[in-house]
There are 2 protein chains.
Amino acid sequence: MQEEVLSPDDRDFVTALGTGLEVILAFDAEHPRMTLSEVATRTGMNRARARRFLLTLHALGYVRKDQRHFELAPRVLQLGYAFLSANGYQSVIQQILEDITRESSESSSLAVLDGDEVTYVARSAAKHRLMAISLAVGTRLPAAHTSMGRVLLAQLPDDELAAFLARVELTPYTDKTLTDRDALREAILTVRRQGYAIADQELDSGLRSLAVPAFDAHGKLLGAINISTNAARIPVETLTDTFLPLLQAKARLIRTHVG
Amino acid sequence: MQEEVLSPDDRDFVTALGTGLEVILAFDAEHPRMTLSEVATRTGMNRARARRFLLTLHALGYVRKDQRHFELAPRVLQLGYAFLSANGYQSVIQQILEDITRESSESSSLAVLDGDEVTYVARSAAKHRLMAISLAVGTRLPAAHTSMGRVLLAQLPDDELAAFLARVELTPYTDKTLTDRDALREAILTVRRQGYAIADQELDSGLRSLAVPAFDAHGKLLGAINISTNAARIPVETLTDTFLPLLQAKARLIRTHVG
DNA sequence: AACTATGTTTTGCTATACGAACAAAATATC
DNA sequence: GATATTTTGTTCGTATAGCAAAACATAGTT
């Protein structure tokens, strides 16, 4: 999968579509409501252009307009919904993630690889939500430094993994972040052998997580499921001794119930 | 909110954006993977056009390509995520919905009004999932015939409600569906007085649900929360006697914890 | 080998992008 | 509180990027 990609100035590249999607993405928690000019500056377009796209999105029902302010309409959820329903996530999987949360009292998620990032596809948050708000379906995190990312990278064929390792930029998020390519390769190869990954405060100090791959009945990789914990409360031993068997049992459950 | 809407042939309507979004929506559970030609026929475009849009979406990373087959990439989730995070859903609300499910053993959801339909924004499914698969975040249902829809319609100012009643088409989904405009108006006005709505198998026989409005601390309407049940198992009395107090208590909880 | 369905390229025509000029608010200054 | 100033929103003209349709090419089928 993924072959020759169109360069964004090819003869059959539709600029307008890319621009429109950019306008949608310009809205976030910090900018839920914006005027035309704000959208223009945030997206780097001139006001005339931003206006055309906002009016178009408004006409299509993806954006609401209140005098001078624009905001996203619920209709945009349909776009993501198209993906989720097309891929049959949110079926049994959501249920199983909630079971994991109930049995472990920790947050649990399913993520898939998209480029060099993992994308959260389903999630069940634990009660004591520390960074829970910022993690939700649709969130993207660098694959290299997350437990789910490493599990998914470990599933790649050798050549794709090598290509990834060659191109990836290793940002030191914490003092525990692996920033050495060889060390990262070793870590991923270890994940391949062991069948699970632990990321211990590599992305954020205080965040410790465990992940295993999830396959369907046909052996097709659905994604990675994880349990993420507060490092101050849960030692690494609990991850390997208690949570790993739990996660592996749930992965088997998925295998027998999906597909 | 919502004023003069652009007609789809105005000088500043961007056709290409609408077309691109249509292509995304062409994918669903029945058509998760399609060839160029399939997309063309499903969207009613010629192949050349469908091709340019698919290639564009591919270049932007919203679509994956495997030889002749295209499928949506996880990146499309970002679009819906922009909406959810911009509006601060999925914060405390998801948690509360799960509490409702735990305490009632029934599915619970939050939905908002979008045009004449309700859109599911957050959801917690019960174990015994009968029609659970088809209901998920992003799902749209006709406002007139759902409990959440009626709760939300009841919150509209009189003129907007009148306009809705004048234009809405009342499809008889079941033999219990209200298809008379005056009866529907009465039902909605009753919801206004009572503060809750019950839809008893109006959309699907076997589906009985109860909804109340949810406000944040500033009194702003967040949406409607509901409990939906299997009519064969749960009588209407249980809805009013047991589930209504529960739902109202949770609505108060939202009011004190959000905003 | 003929046929059909699918994917790709070409071409004349149309929609789109940009800058600039204008209009209307909002804000600052006196 | 009126007037200047700045910011924001809208309209217009024009070069060009992108479109639709048809012609062409290729891969599958019978």
Side-chain angles (χ1 to χ4, degrees), chain A residues 1-27 30-60 62-73, chain B residues 1-27 30-72:
Chain A
M1 208 159 280
Q2 219 81 319
E3 30 197 65
E4 5 69 59
V5 183
L6 211 64
S7 72
D9 64 315
D10 196 295
R11 234 184 103 44
D12 37 27
F13 181 87
V14 184
T15 318
L17 176 51
T19 310
L21 295 173
E22 263 182 61
V23 169
I24 293 178
L25 294 177
F27 292 86
E30 283 74 45
H31 309 83
R33 285 165 54 83
M34 290 187 281
T35 63
L36 186 160
S37 297
E38 289 178 86
V39 172
T41 45
R42 245 178 93 68
T43 54
M45 314 177 187
N46 59 42
R47 297 196 302 282
R49 186 146 94 115
R51 179 171 176 269
R52 281 163 45 74
F53 282 91
L54 283 170
L55 292 181
T56 301
L57 287 171
H58 180 231
L60 295 171
Y62 291 100
V63 154
R64 286 180 176 173
K65 190 184 161 192
D66 176 22
Q67 307 277 47
R68 326 178 42 259
H69 288 273
F70 293 87
E71 64 183 25
L72 290 179
Chain B
M1 210 160 277
Q2 219 81 319
E3 30 197 65
E4 6 69 56
V5 183
L6 210 62
S7 72
D9 64 315
D10 198 293
R11 192 172 181 291
D12 36 29
F13 180 87
V14 184
T15 319
L17 176 51
T19 310
L21 295 173
E22 264 181 61
V23 170
I24 293 178
L25 294 177
F27 292 86
E30 283 74 44
H31 309 84
R33 283 164 57 79
M34 289 187 280
T35 63
L36 188 161
S37 296
E38 290 179 88
V39 172
T41 45
R42 247 179 91 69
T43 55
M45 314 177 188
N46 58 44
R47 297 195 303 281
R49 183 143 93 116
R51 178 171 178 267
R52 278 183 301 109
F53 281 92
L54 284 170
L55 291 181
T56 302
L57 287 170
H58 182 230
L60 294 171
Y62 291 99
V63 153
R64 286 179 175 173
K65 189 185 162 193
D66 176 23
Q67 306 279 48
R68 327 177 42 258
H69 288 273
F70 293 87
E71 64 183 28
L72 291 179

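Quick note on labels: first sequence line is chain A, next is B, and so on, each numbered from 1. Note that the structure is predicted; figures quoted are calculated from it, not measured.
- If you measure from atom CE of A/Met34 to atom P of D/dT8, you get 14 Å, rounded to the nearest angstrom.
- A donor-acceptor pair shorter than 3.5 Å cannot be found between the side chains of B/Glu22 and B/Thr19.
- Scanning all heavy atoms of the two residues, the minimum distance from B/Ala50 to B/Leu36 falls at CB-O, 4.2 Å.
- Between the CZ atom of A/Arg49 and the P atom of D/dG9 there is a distance of 17 Å, rounded to whole Å.
- A distance of 11.0 Å separates CG of B/Leu25 from OG1 of B/Thr43, quoted to the nearest 0.5 Å.
- Counting non-hydrogen atoms under 4.0 angstrom, B/Ala40 reaches nothing in the nucleic acid.
- Between the CZ atom of A/Phe13 and the C1' atom of C/dT16 there is a distance of 14 Å, given to the nearest Å.
- Atom CZ of A/Phe53 is separated from atom C1' of C/dA17 by 9 Å (rounded to the nearest Å).
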Extract from the structure each pairing of a protein N or O with an N or O of nucleotides 5-8 of chain C at less than 3.5 Å, listing the distance.
{"from": "C/dT6", "atom 1": "O3'", "to": "B/Arg68", "atom 2": "NH2", "distance (Å)": "2.7"}
{"from": "C/dG7", "atom 1": "OP1", "to": "B/Arg68", "atom 2": "NH2", "distance (Å)": "3.2"}
{"from": "C/dG7", "atom 1": "OP2", "to": "B/Ser37", "atom 2": "N", "distance (Å)": "2.8"}
{"from": "C/dG7", "atom 1": "OP2", "to": "B/Ser37", "atom 2": "OG", "distance (Å)": "2.7"}
{"from": "C/dG7", "atom 1": "N7", "to": "B/Arg47", "atom 2": "NE", "distance (Å)": "2.8"}
{"from": "C/dG7", "atom 1": "N7", "to": "B/Arg47", "atom 2": "NH2", "distance (Å)": "3.1"}
{"from": "C/dG7", "atom 1": "O6", "to": "B/Arg47", "atom 2": "NH2", "distance (Å)": "2.7"}
{"from": "C/dT8", "atom 1": "OP2", "to": "B/Arg51", "atom 2": "NE", "distance (Å)": "3.0"}

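- How far OH of A/Tyr62 is from CG of A/Leu54: 15.0 Å, rounded to the nearest 0.5 Å.
- With rounding to the nearest 0.5 angstrom, the CZ atom of A/Arg33 is 13.0 Å from the NZ atom of A/Lys65.
- Between the C1' atom of D/dG9 and the CZ atom of A/Arg52 lies a distance of 15 Å, rounded to the nearest Å.
- A donor and an acceptor atom, one from each side chain of B/His31 and B/Arg42, are located under 3.5 Å apart.
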